[in-house]
Peer 1: 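Questions regarding the structure given below will be posed in turn.
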2 protein chains.
Amino acid sequence: MTSARERILDAYVDVLGVEGERYATVEAVAAKAGVSKGGLLYHFPSKDHLAGALCDRLAALAAEDAQKMRTSPEGPARYYVRSSHYAGTPLDRAVMAVSRLQQTGDARARAVIEAASSEWLTILHDALGNLDLALAVKLIGDGLYYNALHSALGGHPITTDADEGLLAVVDRIVADHRVS
Amino acid sequence: MTSARERILDAYVDVLGVEGERYATVEAVAAKAGVSKGGLLYHFPSKDHLAGALCDRLAALAAEDAQKMRTSPEGPARYYVRSSHYAGTPLDRAVMAVSRLQQTGDARARAVIEAASSEWLTILHDALGNLDLALAVKLIGDGLYYNALHSALGGHPITTDADEGLLAVVDRIVADHRVS
DNA sequence: GTCTATATTGTGATAGAC
DNA sequence: GTCTATCACAATATAGAC
């Protein structure tokens, strides 16, 4: 049995991702986690603490992912674009949730997204040797997140499969710039 | 002097874009527009009507833009990527505002963004003749919006200049695929 | 058309029982 | 550790004066 703390955090991610920030009330999250409002507020003294814990979780998951991306056999560019297709992984869900949080003006949410984003761009730049090219690849991945962000609400479960045609275009862009 | 209705709608776009959905209360919007809460609710019988009017405004601006994009001398691909850099145009501001609205689960916001998105992709597909390539270009533009969405909050005024290096990469991608 | 109350509801947070 | 009240406050919306 996972700890109550983790279950509550999972429920928060879930409600943020599926219903949106407006519906992620303490009561709704508590209900989803199977505890009462008071029960939740024992583990997280305020809603703000809950948000902070979520940001910490994303920071940890993003650091893990950066490591995988750096050492990926297919190369960071293909890895980034492929993994930017929403597939419901813990990282995907955390990014979606914190993106929603960030829209409320939460400064930590902004900072953690900005940090991860900057790290991913650095990895692409290191691998591709060209900042404009790295930016183009990064933006394709970000665009996938943007679309997921707009598709995921209102109970639409999304999970887009990695798009082979798009990946082929990315491969080609990268290859074309390498020979120049 | 613009009509009070338009002034209120402008204020709504402003607050949504700069402070976020959470702070876009009827009172805050009314204050920004220089009227009272009751004054606002005379023009828009409910907050929901206000949201609906904003979606209608975006639909009109997006239709205008699609026309410009189709007939752009630089070509739809370069036009789309260049104009996706946030420059504070009425369309930029409306997209940003409705994106924020969409995050609350508003169905009309979702529909209008989805419709514009689909139209832009169609134009790119028609111009480039290759759906995967059109998708890649579209995603680069969407990625720019995604980043603007995260940068714009908390009083950070953004207005990114069009990035010539990125545009050059896009030109090259398009050219490379045309000869094949 | 625009304002000042006021009613109503929803939300975050506290207190204290178990 | 978790629950059931309960409080304090903010937000939408209404009513009626001007």
Side-chain angles (χ1 to χ4, degrees), chain A residues 1-56 97-98 100-109 153-154, chain B residues 1-56 97-98 100-109 153-154:
Chain A
M1 184 69 168
T2 62
S3 73
R5 223 188 115 92
E6 288 303 305
R7 272 203 344 253
I8 291 167
L9 215 41
D10 286 345
Y12 187 41
V13 167
D14 233 60
V15 179
L16 273 174
V18 175
E19 323 227 10
E21 200 276 331
R22 211 87 196 282
Y23 299 96
T25 63
V26 172
E27 195 164 17
V29 173
K32 188 135 210 156
V35 296
S36 68
K37 229 197 293 200
L40 186 153
L41 288 166
Y42 168 78
H43 293 282
F44 301 93
S46 76
K47 201 186 183 187
D48 202 59
H49 282 78
L50 182 61
L54 173 57
C55 291
D56 292 346
V98 175
R100 297 263 157 76
L101 205 58
Q102 199 275 339
Q103 303 279 327
T104 69
D106 187 292
R108 292 155 308 178
L153 276 180
Chain B
M1 182 71 169
T2 61
S3 73
R5 221 188 116 94
E6 287 303 304
R7 274 204 339 267
I8 291 168
L9 213 43
D10 287 343
Y12 187 40
V13 167
D14 233 61
V15 179
L16 272 175
V18 175
E19 324 226 9
E21 200 277 332
R22 210 95 195 278
Y23 299 96
T25 64
V26 172
E27 194 165 19
V29 173
K32 187 134 209 158
V35 296
S36 70
K37 230 193 293 198
L40 186 153
L41 289 166
Y42 167 78
H43 294 283
F44 301 93
S46 77
K47 202 186 183 187
D48 203 58
H49 283 78
L50 183 59
L54 172 56
C55 292
D56 291 346
V98 175
R100 297 263 157 75
L101 204 58
Q102 199 276 335
Q103 303 280 324
T104 69
D106 187 295
R108 291 155 308 177
L153 275 180

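Chain letters run A, B, ... following the sequence lines, proteins first and then strands; every chain starts at 1. All heavy atoms count here, side chains included; hydrogens, waters and symmetry mates do not.
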Peer 1: Between D/dT14, C/dT4, D/dT12, which nucleotide has the shortest distance from any of its atoms to the side chain of B/Val26?
Peer 2: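 Of all the options, the side chain of B/Val26 is nearest to D/dT12.
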Peer 1: Report the nucleotide, chosen from C/dA13, D/dC3, D/dG1, that has the shortest atom-to-atom distance to any side-chain atom of A/Val35.
Peer 2: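 Side chain of A/Val35 sits closest to D/dC3.
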Peer 1: With nearest nucleotides of DNA chain C determined for A/Pro45 and A/Tyr23 from heavy-atom distances, which residue corresponds to the more 5′ nucleotide?
Peer 2: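 The answer here is A/Tyr23.
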Peer 1: What nucleic acid atoms does A/Thr25 come within less than 4.0 Å of, heavy atoms only: base, sugar-phosphate, or nothing?
Peer 2: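 The answer is sugar-phosphate, as A/Thr25 gets under 4.0 Å only of primed atoms, P, OP1 or OP2.
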Peer 1: Report the nucleotide, chosen from C/dT2, D/dT2, D/dA13, that has the shortest atom-to-atom distance to any side-chain atom of B/Ser46.
Peer 2: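 Nucleotide nearest to B/Ser46's side chain: D/dA13.
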Peer 1: What are the two closest non-hydrogen atoms of B/Leu41 and B/Ser46, and how far apart are they?
Peer 2: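 The pair with the smallest heavy-atom distance is CD2-CA, 4.1 Å.
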Peer 1: Looking at the side chain of B/Ser36, which of C/dT14, D/dA13, C/dT4 is the nearest nucleotide?
Peer 2: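 From the listed options, C/dT4 comes nearest.
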Peer 1: Taking only the side-chain heavy atoms of B/Tyr42 (C-beta and beyond), determine which of C/dG1, C/dG12, C/dT4 contains the nearest atom.
Peer 2: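 So the side chain of B/Tyr42 is nearest to C/dG1.
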Peer 1: What is the distance, rounded to the nearest whole Å, between atom CG of B/Leu41 and atom C1' of C/dA5?
Peer 2: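 My rounded result for the distance is 14 Å.
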Peer 1: What heavy-atom pair brings B/Leu153 and B/Glu19 nearest, and what distance separates the two atoms?
Peer 2: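 Result for this residue pair: CD2-C, 3.3 Å.
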Peer 1: Could you tell me whether A/Arg22 and B/Asp106 make a salt bridge, using a distance below 4.0 angstrom between a side-chain N and a carboxylate O?
Peer 2: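 Judged by the 4.0 Å cut-off on N to carboxylate O distance, A/Arg22 and B/Asp106 do not form a salt bridge.
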Peer 1: Can you spot which of B/Asp10, B/Val13, B/Ile8, B/Leu9 makes a side chain to side chain contact (heavy atoms under 4.5 Å, CB included) with B/Val29?
Peer 2: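 Only match with B/Val29 under side chain to side chain contact (heavy atoms under 4.5 Å, CB included): B/Ile8.
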Peer 1: What's the closest nucleotide to the B/Arg22 side chain, out of C/dT14, D/dC3, C/dG12?
Peer 2: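 For B/Arg22, the side-chain atoms sit closest to C/dG12.
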